[in-house]
Amino acid sequence: MAALRSLFCGGKSSVSVFLQRSFHRSGPAALQVTVRDALNQAMDEEIERDERVFLLGEEVAQYDGAYKISRGLWKKYGDKRVMDTPITEMGFAGIAVGAAMAGLRPICEFMTFNFSMQAIDQVINSAAKTHYMSGGLVSVPIVFRGPNGASAGVAAQHSQCFAAWYGHCPGLKVVSPWNAEDAKGLLKASIRDDNPVVFLENELMYGVPFELSEEVQSKDFVVPIGKAKIERPGSQITLVSHSRSVGHCLEAASVLEKEGIDCEVINMRTIRPMDTETIEASVVKTNHLVTVEGGWPQFGVGAEICANIMEGPAFNYLDAPVVRVTGTDVPMPYAKILEENCVPQVKDIIFAVKKTLNVL
């Protein structure tokens with residue numbers, strides 16, 4: 001299975017090529033780093049920094065990880081810090097939660113978050129609720145990480161986005177990085193956090209390189225959990241997204257700019273706690289909002305953003321209803337052409353923006 005999955009790690013989509021050409025912020029000491037290597041650096045630095053940190057999961061040690069995220073870590077740190085587990089998510093997730101309760105800081109890798117469904121009782125009932133149920137006496141500093149959302153050609157059971165699933169649960173923090181800076185800074189912050197963190201990566205982003213500044217390359221660099229980032233300032237409409245869809249929004253904004261439409265693009269970075277303030281401030285400025293996500297529409301991340309805007313002060317600044325761009329409300333088909341039509345594309349974002357601005 002891991003060998004098959006690794007086939008999907010090196011390909012470059014048109015969006016990834018576009019990102020490499022258009023959204024690298026070069027600096028005097030900038031370095032091109034893939035999302036995969038940024039995650040590897042974050043774990044390497046944190047395992048070295050804190051003796052309580054360790055990684056466990058299927059094939060993370062001797063095989064270097066199904067997606068090579070943990071490449072070289074077993075050889076560097078040995079069996080006590082990087083541990084291969086049997087194929088039993090409920091089992092090794094439970095071991096990780098118990099280790100966290102006992103004072104360690106485990107990084108629990110799921111080969112895909114679809115497999116976390118086998119361990120969801122450990123994630124929700126054990127990890128998320130223990131601090132509350134113990135009256136604050138027991139912390140569970142654990143990171144559950146792995147690829148999330150649609151990949152390519154892996155059909156219905158391996159293509160789900162769990163942002164809304166886990167974002168629904170009090171006691172968890174839920175993080176969804178887009179680029180290499182997000183990946184490194186947010187993973188380091190998640191490992192250092194005293195709460196359970198669900199860290200949702202994207203398989204199709206692993207091989208995409210981004211330029212990292214000298215500041216981001218520092219071992220002291222972290223991205224604060226719960227704070228969104230404005231990736232592109234704009235004045236006419238706000239696009240809010242997370243994970244791979246941020247790149248689609250940036251590409252759509254570039255296309256729309258040529259037509260005289262100025263889009264502001266917000267990278268959520270964190271699903272829970274959601275940075276509603278940054279979104280509200282943007283809507284107050286632009287008076288229009290489109291949300292973009294790869295997950296299903298019903299009870300999704302975009303639906304939560306819509307509710308927050310409706311219930312808050314920014315509602316009075318809207319000049320049009322909020323529009324959601326989401327995955328299609330069906331199990332993911334296997335056929336490539338159907339799969340492409342079930343995942344938000346740049347053209348869908350452009351259509352939604354024009355619909356919101358009434359310029360179709």
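When all heavy atoms are compared, the tightest approach of I87 to E58 is CA-OE2, 3.3 Å. When every heavy atom of A38 is checked against every heavy atom of V33, the shortest pair comes out as N-CG1, 3.6 Å. Heavy atoms only, all atoms of each residue included: V82 and W74 are closest at O-CD1, 3.6 Å. Closest of all the heavy-atom pairs between A128 and P170 is CB-O, 3.8 Å. Among all heavy-atom pairs drawn from V35 and A180, the shortest one is CG2-N, 3.8 Å. Here the shortest heavy-atom pairing between C108 and A96 reads CB-CB, 4.1 Å.
Proximity of a side-chain donor or acceptor of D348 to a complementary backbone N or O of P344 within less than 3.5 Å is not detected. Formation of a donor-acceptor pair under 3.5 Å by the R244 side chain with backbone atoms of N202 is not found in this model. Counting only distance, with no hydrogens or angles, the side chain of S241 and the backbone of V292 share a donor-acceptor pair below 3.5 Å. No donor-acceptor distance shorter than 3.5 angstrom exists from the side chain of R71 to the backbone of G65, with no hydrogens or angles considered. Side-chain N or O atoms of Q62 include none that pairs as donor or acceptor with a backbone N or O of D84 at under 3.5 Å. When atom types are taken as modelled, the side chain of D262 and the backbone of S235 share a donor-acceptor pair closer than 3.5 angstrom. Remark: the backbone N or O of Q236 is paired with a side-chain donor or acceptor of H288 at under 3.5 angstrom. Using modelled atom types, one side-chain atom of R36 and one backbone atom of Y67 make a donor-acceptor pair closer than 3.5 Å. Looking only at distances, a side-chain donor or acceptor of T270 sits under 3.5 Å from a matching main-chain atom of G226. In this structure, E293 contributes its side chain and V301 its backbone to a donor-acceptor pair below 3.5 Å.
Rounding to the nearest 0.5 angstrom, the gap separating the CD atom in E181 from the CD atom in Q217 is 11.0 Å. Distance check, rounded to the nearest 0.5 Å: CD of E45 to OG of S218 gives 8.0 Å. To the nearest 0.5 angstrom, Q41 atom CD is 12.0 Å from F221 atom CZ. We find the CE-NE2 distance between M274 and H242 to be 8.5 Å, quoted to the nearest 0.5 Å. Rounding to the nearest 0.5 Å gives a distance of 9.5 Å between OG of S151 and OH of Y206. The distance from the CG atom of L239 to the OG1 atom of T356 is 9.0 Å, given to the nearest 0.5 Å.
More than 12 heavy atoms of other shown residues, nucleotides or ligands fall within 6.0 angstrom of atom NZ in K76. Environment of CG in N316: crowded, with over 12 heavy atoms of neighbouring residues, nucleotides or ligands closer than 6.0 Å. In Q157, the CD atom is not crowded: 12 or fewer heavy atoms of neighbouring residues, nucleotides or ligands sit closer than 6.0 Å. Annotation: L360, atom CG; neighbour count of heavy atoms from other residues, nucleotides and ligands within 6.0 Å is above 12. More than 12 heavy atoms of other shown residues, nucleotides or ligands fall within 6.0 angstrom of atom CD in E48. The number of heavy-atom neighbours closer than 6.0 Å to CD of Q298, taken from other residues, nucleotides and ligands shown, is 12 or below. Sparse packing is recorded around OH of Y317, with 12 or fewer heavy atoms of other residues, nucleotides or ligands lying under 6.0 Å away.
Using a 4.0 Å cut-off between charged side-chain N and carboxylate O, E304 and R272 make no salt bridge. Between R105 and D194 there is a salt bridge, with a side-chain nitrogen of the basic residue lying less than 4.0 Å from a carboxylate oxygen of the acidic one.
No continuous path of hydrophobic side-chain contacts links V322 to F299 [ILVMFWY only; heavy atoms under 4.5 Å]. Hydrophobic clustering, with ILVMFWY side chains joined whenever heavy atoms are under 4.5 angstrom apart, groups F92 together with M83. Linking ILVMFWY residues whenever their side-chain heavy atoms come closer than 4.5 Å, directly or via other members, places M101 and L56 in the same cluster. Note on M90 and V60: separate hydrophobic clusters, where clusters join Ile, Leu, Val, Met, Phe, Trp and Tyr whose side-chain heavy atoms are under 4.5 Å apart, directly or indirectly. Following chains of ILVMFWY side-chain contacts shorter than 4.5 Å, one can reach V323 starting from L250, so the two form part of one hydrophobic cluster.
For the residue pair E264 / T286, no side-chain donor-acceptor distance below 3.5 Å is found, with atom types taken as modelled. A donor and an acceptor atom, one from each side chain of N114 and Q160, are located under 3.5 Å apart. Side-chain N/O atoms of S126 and Q122 include a donor and acceptor closer than 3.5 Å.
Only one option out of K184, K219, K188, R52 pairs with E46 in a salt bridge (Lys or Arg N to Asp or Glu O under 4.0 Å); it is K188. Exactly one of V265, I266, N267, V246 qualifies for a side chain to side chain contact (heavy atoms under 4.5 Å, CB included) with V240. That residue is I266.
You'll find the side chain of K229 stays beyond 4.5 Å of the side chain of V223, heavy atoms only. Contact annotation: the side chain of M111 never approaches that of H158 to less than 4.5 Å [non-hydrogen atoms, C-beta and beyond]. Residues I279 and I309 meet the side-chain proximity criterion, which asks for heavy atoms closer than 4.5 Å. At least one side-chain heavy atom of K354 sits under 4.5 Å from a side-chain heavy atom of L256. The shortest distance between side-chain heavy atoms of D193 and P141 does not fall below 4.5 Å. Between L172 and V123, some side-chain heavy-atom pair lies under the 4.5 Å cut-off. Considering only heavy atoms from C-beta on, I69 comes within 4.5 Å of R145 through its side chain. Between V290 and T238, the closest side-chain pair of non-hydrogen atoms is not below 4.5 Å.
The aromatic rings of W296 and W165 lie tilted to each other, with the angle between the two planes from 30° to 60°. Ring planes of F113 and F110: perpendicular class, angle over 60° (limits at 30 and 60°).
Remark: K173 fails to qualify as a cation-pi partner of Y166 under the 6.0 Å distance and 45° angle criteria applied to the six-membered ring.
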**OP:** Check the pair M332, E339 against side chain to side chain contact (heavy atoms under 4.5 Å, CB included), reporting the backbone distance first and the verdict last.
**Re:** CA-CA 6 Å; M332 182 65 73; E339 180 183 69; 3.6 Å; yes

**OP:** Verify side chain to side chain contact (heavy atoms under 4.5 Å, CB included) between L200 and S243, making sure each step is shown before the conclusion.
**Re:** CA-CA 8 Å; L200 303 172; S243 190; over 6 Å; no

Original post:
Checking side chain to side chain contact (heavy atoms under 4.5 Å, CB included) for the pair I124/K129: CA distance, chi angles, key distance, verdict?
Top reply: CA-CA 7 Å; I124 303 301; K129 298 178 181 178; 3.9 Å; yes

**OP:** Start with the C-alpha gap between N341 and T328, add the side-chain angles, then the distance that decides, and say whether side chain to side chain contact (heavy atoms under 4.5 Å, CB included) holds.
**Re:** CA-CA 8 Å; N341 280 281; T328 305; 5.9 Å; no

